[in-house]
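Here is the structure we will look at.
So that the names make sense, note that chain A is the first sequence line, chain B the second, and so on, each numbered from 1.
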Protein chains: 2
Amino acid sequence: MERTIVDYQGNRLEEKLQKILGNVESEGGTCPIRHILARFSDKWSTLSIFHLGDAGTLRFNELKKRIDGVSQRMLTVTLRTLERDGLVTRRIYPEIPPRVEYELTDLGRSLLVQIIELGDWASNHSKQIVEARKRFDAREHRAIDSTLV
Amino acid sequence: MERTIVDYQGNRLEEKLQKILGNVESEGGTCPIRHILARFSDKWSTLSIFHLGDAGTLRFNELKKRIDGVSQRMLTVTLRTLERDGLVTRRIYPEIPPRVEYELTDLGRSLLVQIIELGDWASNHSKQIVEARKRFDAREHRAIDSTLV
DNA sequence: CCGAATCCGCGTGGATACTG
DNA sequence: CAGTATCCACGCGGATTCGG
């Protein structure tokens with residue numbers, strides 16, 4: 001049962017990886033990690049978490065202004081899902097006109113820490129990725145999919 | 001310009017967050033971070049990276065066996081995309097029957113470190129998320145979407 | 001101002017069959 | 001074994017309209 005050691009950062013990575021792979025499908029009847037990871041796969045969740053982490057508290061339209069290109073519907077759906085998962089709180093003020101404020105929960109902030117690191121990685125390596133794509137496209141094929149650029 | 005300090009881990013999080021938000025749309029003509037993050041959003045990329053990181057080198061069908069439910073087509077597409085982004089190498093042995101081996105690049109391994117941390121977070125908090133969902137569903141609505149469970 | 005509801009185009013991704 | 005090619009269902013998500 002030989003394996004490649006990925007523990008080159010001395011941070012129990014190998015152990016964590018084993019745990020993750022063991023829980024990919026289902027974790028003792030709870031939700032498979034796959035579904036949780038999928039939550040950050042959708043188009044707007046991470047951006048919402050970033051902006052709420054940055055601003056602290058935001059009203060619906062304030063958040064909408066900050067997220068370029070999001071539709072009203074998708075922002076609503078996204079925030080509801082985040083609320084349901086316990087990552088965001090939604091506070092309603094029964095005024096006229098109505099006011100609704102969103103904020104990260106403690107759980108949401110703990111997630112923020114993780115995706116900041118991921119975003120930081122993306123930010124630091126985007127140039128390498130773009131160059132790899134250029135080489136790939138020049139070498140063999142025309143772009144697999146022009147929408148990937 | 002008051003802001004919520006997210007630097008509660010003493011790890012320059014606030015600074016990183018600013019950088020990320022500044023590069024969300026486009027980073028000096030390169031690829032927006034959004035598109036890079038979207039790469040880990042698709043259903044099979046992270047799982048492929050996890051398993052390649054775990055095993056080191058895998059042939060196509062070895063990897064396919066490890067990823068439960070992936071179709072041949074989607075694994076091919078996923079691996080091509082990862083190869084194009086410079087995250088995975090694809091080595092072809094001109095034999096009969098053909099043999100193709102996949103392996104993470106250095107760039108891929110540096111990404112692996114990040115998504116292991118994310119997966120570890122998901123693994124450690126999945127129970128909290130599931131409980132939050134139960135509370136939410138019991139409180140106000142019936143499940144927003146039964147597929148989310 | 002903050003949504004809910006409806007309609008619908010389009011891309012993702014599964015199933016199947018076929019090649020080198 | 002490791003793909004490609006084709007067909008097609010389904011659901012994401014945009015546009016629009018209506019409500020509290």
What are the two closest heavy atoms between A:Trp121 and B:Leu107, and how far apart are they?
CZ2-O, 3.8 Å
Between B:Met74 (CE) and D:dT6 (P), how many Å, whole number?
17 Å
Atom-pair distance (CG on A:Leu47; P on D:dG13), nearest Å:
12 Å
Please confirm whether the shortest side-chain N or O distance from A:Arg90 to OP1 or OP2 of C:dC2 is below 4.0 Å.
no
Starting at CG of A:Leu58 and ending at C1' of C:dC1, how long is that distance when rounded to a whole Å?
15 Å
d(CD1, A:Ile67; P, C:dC2) in whole Å
14 Å
Between C:dG3 atom P and A:Glu62 atom CD, what is the distance in whole Å?
13 Å
The residue, A:Pro97 or A:Thr76, whose nearest nucleotide of DNA chain C is more 5′ is A:Pro97
Just checking, is any N or O donor in the side chain of A:Asp85 or B:Gln128 under 3.5 Å from an acceptor N or O on the other one?
no
Applying a 4.0 Å non-hydrogen cut-off, can you work out what B:Tyr102 is touching in the nucleic acid: base, sugar-phosphate, or nothing?
sugar-phosphate
Does C:dC2 have OP1 or OP2 under 4.0 Å away from a side-chain N or O of A:Arg59?
yes
Without decimals, in angstroms, what is the distance between A:Ile96 CD1 and C:dC2 P?
14 Å
Should A:Lys64 be listed as having a side-chain N or O under 4.0 Å from OP1 or OP2 of C:dC2?
no
Taking 4.0 Å as the cut-off, does a side-chain nitrogen or oxygen of A:Arg73 come that near to OP1 or OP2 on C:dC2?
no
Test: A:Glu117 and B:Lys16 ion pair at under 4.0 Å:
yes
Report the distance from atom CG of A:Leu82 to atom CG of A:Leu87, rounding to the nearest 0.5 Å.
5.5 Å
Are A:Glu131 and A:Arg133 close enough for a salt bridge, meaning some N to O gap below 4.0 Å?
no
In whole angstroms, the gap separating P of C:dC2 from CD of A:Glu95 amounts to 10 Å
Rounding to a whole Å, what distance do you find between A:Gln72:CD and C:dC2:C1'?
7 Å
Of A:Lys43 and B:Pro98, whose closest DNA chain D nucleotide lies nearer the 5' terminus?
B:Pro98
